[in-house]
Amino acid sequence: MSIYDSLNPMQRQAVFHTEGPLLILAGAGSGKTRVLTHRIAYLIQEKEVNPWNILAITFTNKAAQEMRERVDRIAGFGSDAIWVSTFHSTCARILRRHIDNLGYDTNFTIYDTDDQKSVIKDVCRRLNVDTKIFKERALLSQISHAKDNLITPDQMEMDAAGDFNQKKTAMVYREYQAALRKNNALDFDDLIVKTVELFQNCDRVLEYYQERFKYIMVDEYQDTNYAQFKFVSLLASRYENLCVVGDDDQSIYKFRGANIENILGYERVFPNAAVIRLEQNYRSTQNILNAANHVIANNAERKEKTLWTENEEGPKIHFRQFMNGFEEAEYIAGEISKAHREGLCQYRDCAILYRTNAQSRLFEEKFINANIPYKIVGGVNFYARKEIKDLLCYLKTVDNARDDLAVQRIINVPKRGIGATTLGRVQDYADKMGISLYEALRVAEEVPSIGRSLSKIDGFVTFIQMLKSKAQAYTVEDLLKEIIELTGYVKELEAEDTEEARARIENIDELISKTVTYQQTMEEQDQPATLAGFLEEVALVADIDTVDPEQDYVLLMTLHSAKGLEFPRVFMAGMETGIFPSYMSINYGDGSELEEERRLCYVGITRAMKELTMTCARQRMVRGETQYNKVSQFVQEIPRDLVDLGHTIQEKKPKMEQVFSSDSKYSQMKQIFQTKAYKPKEFKVTKADALDYQVGDTVRHMKFGVGIVKAIAEGGRDYEVTVDFDKVGVKKMFASFAKLKKI
DNA sequence: TCTCCATCGTTTTTT
DNA sequence: ACGATGGAGA
């Protein structure tokens, strides 16, 4: 009896086929993660491959972590030497060691979307490009697409020929790249592009990694772009042990440059590739799978296949139409509440999937009302919050003073009386001398007509220099705390004394605890905890990575975020024409967009294991105006006999008392909602009648660990508890946020 | 230099 | 509806 006996014949074939290129076409729920983990175990145990020689690329950090854990469980040991991570993290790691070959510093900064926008804006201003005609967004997306396809500014300009607009874009692209280089920064796409460039320019480096990664696996291959394809094929070109797993029906990132040709043309690129299909689904009931199969069959551009299952038939797909979005949300909240009360499911068994992030709001309202714990994935990134970005920019400046953007952001935060005029003068001087902004600040006395601002600038420079000198000896945590202390950032917020300010302080505490976690993880892995490492990790996390499977909450997310996940109970909300499929895919494009939406729908349906509910509203507020939408065509594509329609339309006659009670509840709720907007990740309960701990008790906090309660103060809607933690010292927090447990 | 207010556009999805 | 942006006034 071996661990491989539990696999079906196809899965076993895939596991045992270790040499040479292999394409696994894995339908939804066909156990591909199982195949990948067993394959890694097989390589290590039976083929005696050194774990060190294995590279596995996953779509998210969360998937990477899960894969490592599962390999650990079946292979027992050695899994920590396997390199499992996302494309972006993998490339960042390689570049941190070798990017000096391309003339960058190895402590480069990674720019997020906001940073990119600032750079583009600046570039347009310098080039006199009118951003009313050339939208920053459009420019960025064109640049990004060029990078996805490894097109350089020069090439873009050549391709433009006589096209004026295209030429202008190429110009902006070139200038944008120059600005990034000057700041010693890379954007997300650059991580891949520069790694490919590195491989192409430095044979030695390429050879090293080719030898190192003798066995390569890529998950979610249908969503790779050309640059990523180039990256893996360069790596694999020596041994050709490249195993890719994907499903063309689940390709949903074309808008991000994913090239479906990568998977469809795999056999052309690797003529000796073996192809294995996994078509047995182990996840969903027959009804759910049938529905999915019928929907996806409407797509013309696909590899024909039909998933089947031996699972039970299961309940029908529930479909409900409501008068408006409120009732829709209320219904779903009610259903989850009921099922939980009756012990049919835990909260974490349920997920609500929608097309756009904006749709999460209604659910948030109703969930607070119904006291259901939930977590919203996506939306505004934690690290994109103002207070977080400010502090991170301090860290960035300490780490890489060439990052002008970071310096610009913090130079007058908190207010130091250094305004736009002064900054402009220094910037001009820096440009003229060809030095970075920070260097110019250091020699500010040489800047013409700088006047009284000089002393203020000197103060700032001294401050940063002081931090820099401490950075070597300090942990990231200490450094961050020092910055907070000396800038008075938190003090300023405390003085504001608003709900909003308190929420920001909460976020800052969260950031501190993230530095602690980082330190711990690095120590566990026996790696040095560096400032650059922390900043990199922070830049490359997706919100979905922070989902904790141990915690019992309902997950709310977009269909895109749900890729790769599964839930016993799935609710697909907003099944309306114009919402899903989005109006963009209907009005623009050539129909391929609509097919992508349909694949998205297919992904959604196949997330469900036991029960699937689709809902829609007749009337919906979108961007402040009321829309009347028809039922989504995707719903119509499911055969009638698979669907349970409930009792016609869910018409709810509002009773007087309901109007009143819900009204007052709504205003109550709205208050909470506003504070929550800064802390949407945690479920907030209303003030507990009594806390089950008191001053002097020992309590445990999820992140800060064990500590002793020093004080409890009445604070309006909530208790403010002061705790002295063993690890992180004294903290003040709100009882309902902190969820302290007496021990 | 900072703060307040009006105007504008934005949204489909994300590493 | 909402946030970002830019202009005007203090």
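Throughout, protein chains are lettered first and strands after them, A, B, ... in sequence-line order, and every chain is numbered starting at 1.
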Shorter than 3.5 Å, N or O on both sides, protein versus nucleotides 3-5 of chain C: list them out with atom names.
residue : atom : partner  : partner atom : Å
C:dT5   : OP1  : A:Lys121 : NZ           : 3.0

With 3.5 Å as the limit, what N/O pairs link the protein to nucleotides 8-10 of chain C?
none

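By the 4.5 Å heavy-atom criterion applied to side chains, A:Arg126 and A:Asp122 are counted as neighbours.
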Per-nucleotide protein contact string for nucleotides 9-15 of chain B (B base, S sugar-phosphate only, - none; heavy atom under 4.0 Å) = -SBBBBB
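If you check the side chains of A:Lys254 and A:Ser592, you find a donor sitting under 3.5 Å from an acceptor. Side chains of A:Glu364 and A:Tyr374: a donor on one and an acceptor on the other come within 3.5 Å. There is a side-chain donor-acceptor pair under 3.5 Å between A:Glu328 and A:Thr615. Side-chain contact annotation: A:Thr60 with A:Lys563, donor-acceptor N/O pair under 3.5 Å absent. A donor and an acceptor atom, one from each side chain of A:Asn629 and A:Gln627, are located under 3.5 Å apart. Counted by atom type alone, A:Tyr383 and A:Asp112 present zero donor-acceptor pairs between their side chains at under 3.5 Å.
Note on A:Arg355 versus A:Glu597: salt bridge recorded, some NZ/NE/NH1/NH2 to OD/OE distance being below 4.0 Å. Between A:Glu197 and A:Lys194 there is a salt bridge, with a side-chain nitrogen of the basic residue lying less than 4.0 Å from a carboxylate oxygen of the acidic one.
Nucleotide B:dT1 holds its P atom 10 Å from the CG atom of A:Leu423, rounded to whole Å.
No cation-pi contact links A:Arg181 to A:Phe108, judged by a cut-off of 6.0 Å to the six-membered ring centre and 45° from its axis.
When the P atom is compared between C:dA4 and B:dT13, the two are found 16 Å apart, to the nearest whole Å.
The residue A:Asn412 sits close only to the backbone: its heavy atoms come under 4.0 Å of sugar-phosphate atoms, none of a base.
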